[in-house]
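Written out below as structure tokens is the structure these notes cover.
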There are 2 protein chains.
Amino acid sequence: MSKQPELPADVALMWGLRDVTKRGPKPSLSVEDIVRAAIELADAEGITAVSMARVAERLGNSTMALYRHVKSKDDLLVLMSDAALERPDPLPDGVDWRTGLTFWTAGVLTAVRKHRWYSKLPISGPPAGPNNLAWLDSALGALKDTGLSEEGKVGVVMGLMTYVQGEIRLSMDLAAGFADNPDAFSRYGATLARVVDPRQLPALAEVLAAGVFDEVESFDETDEADFDFGLQLYLDGVAGFIERTCQPDVT
Amino acid sequence: MSKQPELPADVALMWGLRDVTKRGPKPSLSVEDIVRAAIELADAEGITAVSMARVAERLGNSTMALYRHVKSKDDLLVLMSDAALERPDPLPDGVDWRTGLTFWTAGVLTAVRKHRWYSKLPISGPPAGPNNLAWLDSALGALKDTGLSEEGKVGVVMGLMTYVQGEIRLSMDLAAGFADNPDAFSRYGATLARVVDPRQLPALAEVLAAGVFDEVESFDETDEADFDFGLQLYLDGVAGFIERTCQPDVT
DNA sequence: CTAATTAGCGTAACTCATACGCAGTAAGGG
DNA sequence: CCCTTACTGCGTATGAGTTACGCTAATTAG
């Protein structure tokens, strides 16, 4: 009665729906502990440092003990991907959709920036955990007064998530690469210049000639600008869509 | 004279700039062979099947032989990421920028769809290989008649790449998950319905009530529609940007 | 008290990436 | 024609990773 047919195992775990058992020793470990330890480890040393052995060590348990609580390492990664994004701040009251979505996007970005390994996780399904769904709900809520159909809202939000996801991955990867060897990046323009043949890649050659890639310095800042630039373009498109859909011209 | 200071090693490899040596045995293996074998393997069995041992086996060589041609496995992955995307078809002559970018995007999508592991590669830098740069050049070329500054073009193209990249990753991951267990996906709406509390996630609950997630069947097709929807929104934004920038109002 | 149930863990099998050094091979110099 | 030189391929070994399996001990239901 409390549990109808079959929820996928990971989903149930994320929502804390375990069947409570009475017999046997009290567990000294909980899934939450494990996930928390794994996240701390990833924060400190990167996602590649997250091995079952290291997580167990951090908890003072043996490696195999973890498998009593988690089906596999991939399972653990899925749990991490939901737990890492804390619930979003509620949208300010009475703001228009555009302000709302901008606020939402900024929130995603700061949330993800706390866990730089996030973009390296192998995602394998649509959002299903409580935190991820809260973010989804928040974005949908920002569109509540637009008059869009539910389907339209979902389309807009999925496009936004796609863009944000892409930007996160791109910028995090670049930032990581930049941290690894700053030289290769500051010379990016120079490297390209030596390799690009203006006959074959004329448009790119012109960009290089204009020196656009010469001033690459850090990444955490330039990102911000690029990110916002693309975001505003997308939101402009959304604005057009809303107008077209909800206020048909009275021609 | 033929080789000035220091090109990053991977970049040189991608462009086939090896210093030719005369002495010693003729190599029985080339970087190209290795990369091709690795790509075939990834196409057939997924990126996780790509290990140095498996690639070498496929070539009839020993594992360690590969390291004569490739610095590390990561190096090999970088080479794969450039080699996997064959050069783009040239843009049709005389098309406007919007048609051009749509064409370009479709090209990226079909190119990537041939290698479904592509989105799982750990990218660690801006594009530098011949194929990747050809794609970049092609997109920039589509904007040649817009009157945008070089910097503006780069911004627009980077935003587009970000969106496409995000979409690719999302859709490929979903498709993979769908292939793994179709059940969980066809029940996605039902699963959410059981877990979403309308008090806490009201906007999401409404979407569910409208049945938006009920008709999830395949993914390769619905993707197309979602993808195009978001893309057109972004291009709408670009159109506004071009107008604003290049044809200032005569108020 | 007994039986059922479950947590933690030790062992071991397997797959990986890769450092290191040796052996053999082909070209250049005499 | 032979030796030097530089380079290729490969065998071995190390250390790290995931995880199947089965044992032991703890805990509670009856």
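Chain naming here is simple, since letters A, B, ... match the order of the sequence lines and numbering starts at 1 in each. Hydrogens, waters and symmetry mates are skipped; everything else that's a heavy atom, side chains included, is used. All values derive from a computational prediction rather than experimental measurement.
Here the P atom of nucleotide D:dT19 and the CG atom of A:Leu76 are 10 Å apart, to the nearest Å. Here the C1' atom of nucleotide D:dG22 and the OH atom of A:Tyr67 are 17 Å apart, to the nearest Å. Here the P atom of nucleotide C:dT6 and the CG atom of A:Leu29 are 18 Å apart, to the nearest Å. The CD1-P distance, from A:Ile47 to D:dA16, rounds to 19 Å in whole Å. When the P atom of D:dC23 is taken as reference, atom CE of A:Met64 falls 15 Å away, rounded to whole Å. Going from atom CE of A:Met52 over to atom P of C:dC14 covers 21 Å, rounded to whole Å. In this structure, A:Arg68 atom CZ and D:dA25 atom C1' are separated by 12 Å, rounded to whole Å. Atom CG in B:Leu66 sits roughly 15 Å away from atom C1' in C:dA19 (whole-Å rounding).
A:His69 has a side-chain polar atom (N or O) that falls below the 4.0 Å cut-off from OP1 or OP2 of C:dG8. Phosphate contact (OP1/OP2 of D:dT28, side-chain N/O of A:Lys26, threshold under 4.0 Å): present. Note on A:Thr63: every side-chain N or O is 4.0 Å or more away from OP1 and OP2 of D:dT19. A sub-4.0 Å separation between OP1 or OP2 of D:dA16 and a side-chain N or O of A:Ser51 is absent.
Contact annotation for B:Ser62: base contact, defined as any heavy-atom pair under 4.0 Å involving a base atom.
Taking the side chain as every heavy atom from C-beta outward, A:Lys120 and B:Pro122 never approach each other to under 4.5 Å.
A donor-acceptor contact shorter than 3.5 Å links the side chain of B:Trp104 to the backbone of B:Trp135.
A donor and an acceptor atom, one from each side chain of A:Ser72 and A:Asp75, are nowhere located under 3.5 Å apart.
The aromatic ring centres of B:Phe213 and B:Tyr188 sit less than 6.0 Å apart.
Of the residues near DNA chain D, B:Pro25 and B:Ala65, the one whose nearest nucleotide (by heavy atom distance) lies more toward the 5' end is B:Pro25.
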